[in-house]
Structure formats: structure tokens, C-alpha cells
Amino acid sequence: MNHTAKIDQAPSLAVDRYASVGQYSKAQVLGAWAATAVPMGVLAWFGAPWLSHRIGGRDPLIEALLICFLIGLVWQLGLVLIMVRREQKGLQWTRVRDALWLRSLKDPKTGRTGGKLWWWTVPFVVISAGLNALPGLTPVGPVPRDLPHTLELARGRLEHLFNGNWAIFALFVVVVFMAPLTEELFFRGLLLPRMRTAFGRGDIFVNGVLFGIYHLHQPWSAPSSVVDGIITQAYPARRFQSTWIGIITHTLPSFVIVGAVLPLVIS
């Protein structure tokens, strides 16, 4: 049995995972936030319209939005890796795992990890679903930038885009699944563990607010992102010193979205 396995199984050897990360000042937190939020906003509101006039396709604006979102997400992931490498002096998996809290859930009282603790995922998934179903928490955005609203009011436009168009559907799937993953790695894996010194016990609230206003590319989703980000993503990440519950609660809706769009491709 290797040393890592021993750490995961023996509570006496389970260390505070804050020991594996550095701490950021308030200016560093805000700087890192701006380094991903601003490019996403610029790409969505300026890059996509510009690109839509220069590409073909069935719906140039939607296709341009997907391309620009992908560029922004790749940059966000790259930023995470750059900052982790700078701090950890390398990108070996063990260093990345510890730096981004990609470990099993850890009991805050006993230090035990994994096992029955994974059942905590269920209530947080249910709470997240309930929050996102609350009327008024997520205002309606413009078509076609607000996908659920577009599915409801302009379904024909999406049918025209996706019908038999497996290439665009593949791009769509990549963006829809990559977005929650990279956002969780950035906000709950990178930023949250490094905000404790600067913000103390208020770190989860600041993290949730930053996550909400990060959505410059779709500001109508900011209110729900703040609430959901605090309750079902930042809070369990800090409590269990693991990003996995946030990743799961944030990613599960992607399956619903893809499931709603798939029939448009094969119809």
C-alpha cells in the first residue's frame, strides 16, 4: 500500500488540506477573478458578434457563442494550471490533486475520508435542483444567449441549427460539460482554499459572490449562481476540504441540457 492510500484511509494521518496550498491576498483573489471573468465577458459580448459576421453556418451567432465560450473556458483551465504550476513547482498529478482539493471528502471532526461521506452529495444535489427551480431566482435572458429560454420560445431556431449537425452538437456538448468543470476547478479548487487568510469565515460568501458576478457573459444567471455557489458548492468544498460535491452538483444539470438538445439533432 502506498503512502497516499494510507493518508486516505487512516484518520490519524489525515492532514489539514490547507497545508497543501498557499494563501492569496485580497488583491490577488480579485486579480485572478478578473483574469477569467473579463475575457469571458469580452468574448461573449464583443467577440461572438464580431465572429458571427465572419463565419458561415446555419446560425452564426449561436455557433460563434459556442466557439467563444470554448476559448474562454480553455483560457480559464490554462489559468488554473499556470497558477498551480507556479505555486507547486510542477504539474504532477499528486501536486495538482492536492492543490485543487481533488481528494475524497474528509470528515471535519474525525478526519476520515471517503466511504459513507459520499452520501452527503445527495442532499446537496437535491438542494441545488430546488434552488434552480425557484421562480424568479434566475431572470430570463435574451434569445439565443439564454438556452432554456431559447428552447421554450425559439425552439425552431435550435432545431434548424442542430438537426443532423453532429459537429455543432459535439462542440455544444464540450462547452456544456467543460463549463461547470473548469469553473469549479477555478472557484472552488483554486480560489476558495486560498481565500481563508484574506476573508476568514466569510470566504464562502465572497467566493459565491465572485462566482455570480463572474457571469458577465450571462449576467441574468448571476443571482442563482451566487446562491447556488455559496450553498451547494463553496460550503461543502470548505466543510469537506474537497471540490467533488461542487463539481457533481454543478455538472449534473449538463446532462439534462444535453438530453434536451439531443432530440433536436436526431429528429
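Computed from a predicted structure; not experimentally measured.
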Qualifying residues under side chain to side chain donor-acceptor pair (under 3.5 Å), relative to D98, sequence neighbours excluded: R103
All side chain to side chain donor-acceptor pair (under 3.5 Å) counterparts of E152, not counting sequence neighbours: none
Ring pair (Phe, Tyr, Trp, His ring centres under 6.0 Å) partners of F186, counting only residues at least two apart: none
Can you pull the salt bridge (Lys or Arg N to Asp or Glu O under 4.0 Å) pairs that have at least one residue in residues 194-214, sequence neighbours excluded? E87-R194, D203-R238
In this structure, is the centre-to-centre distance between the rings of F199 and F205 below 6.0 Å? no
Should we count CZ of R85 as having more than 12 external heavy atoms under 6.0 Å? no
If hydrophobic residues (ILVMFWY) are linked whenever their side-chain heavy atoms come closer than 4.5 Å, directly or via other members, who joins Y18 in its cluster? V21, W101
d(R97 CZ, L102 CG) to nearest 0.5 Å is 9.0 Å
Could you name each residue pair satisfying salt bridge (Lys or Arg N to Asp or Glu O under 4.0 Å) that touches residues 50-74, not counting sequence neighbours? D59-R157
Counterpart residues, side chain to side chain donor-acceptor pair (under 3.5 Å), relative to Y235 (two or more places apart): none
Test side chain to side chain contact (heavy atoms under 4.5 Å, CB included) on M195 and F187 and set out the steps. CA-CA 10 Å; M195 294 172 62; F187 283 94; over 6 Å; no
For W93, does the CH2 atom have more than 12 heavy-atom neighbours from other residues, nucleotides or ligands under 6.0 Å away? yes
Quick one: side chains of residues 255-267, donor-acceptor pairs under 3.5 Å with protein atoms, not counting sequence neighbours, listed by atom name and distance.
{"unit_1": "S267", "atom_1": "OG", "unit_2": "P263", "atom_2": "O", "d": "3.4"}
{"unit_1": "S267", "atom_1": "OG", "unit_2": "L264", "atom_2": "O", "d": "3.2"}

Check: V96 and Q88 side chains under 4.5 Å, non-hydrogen atoms: no
W244 six-ring centre to R188 NZ/CZ under 6.0 Å and within 45° of normal: no
Just to verify, what does W166 make a ring pair (Phe, Tyr, Trp, His ring centres under 6.0 Å) with, not counting sequence neighbours? F169
Across all chains, not counting sequence neighbours, the side-chain contact (heavy atoms from CB on, under 4.5 Å) partners of T249 are F124, V125, S128, T232, Q233, I245
What residues, two or more places apart in sequence or in another chain, satisfy side chain to side chain donor-acceptor pair (under 3.5 Å) together with E183? Y214, H250
Results of side-chain contact (heavy atoms from CB on, under 4.5 Å) for I231 - residues two or more places apart only: I127, L131, V227
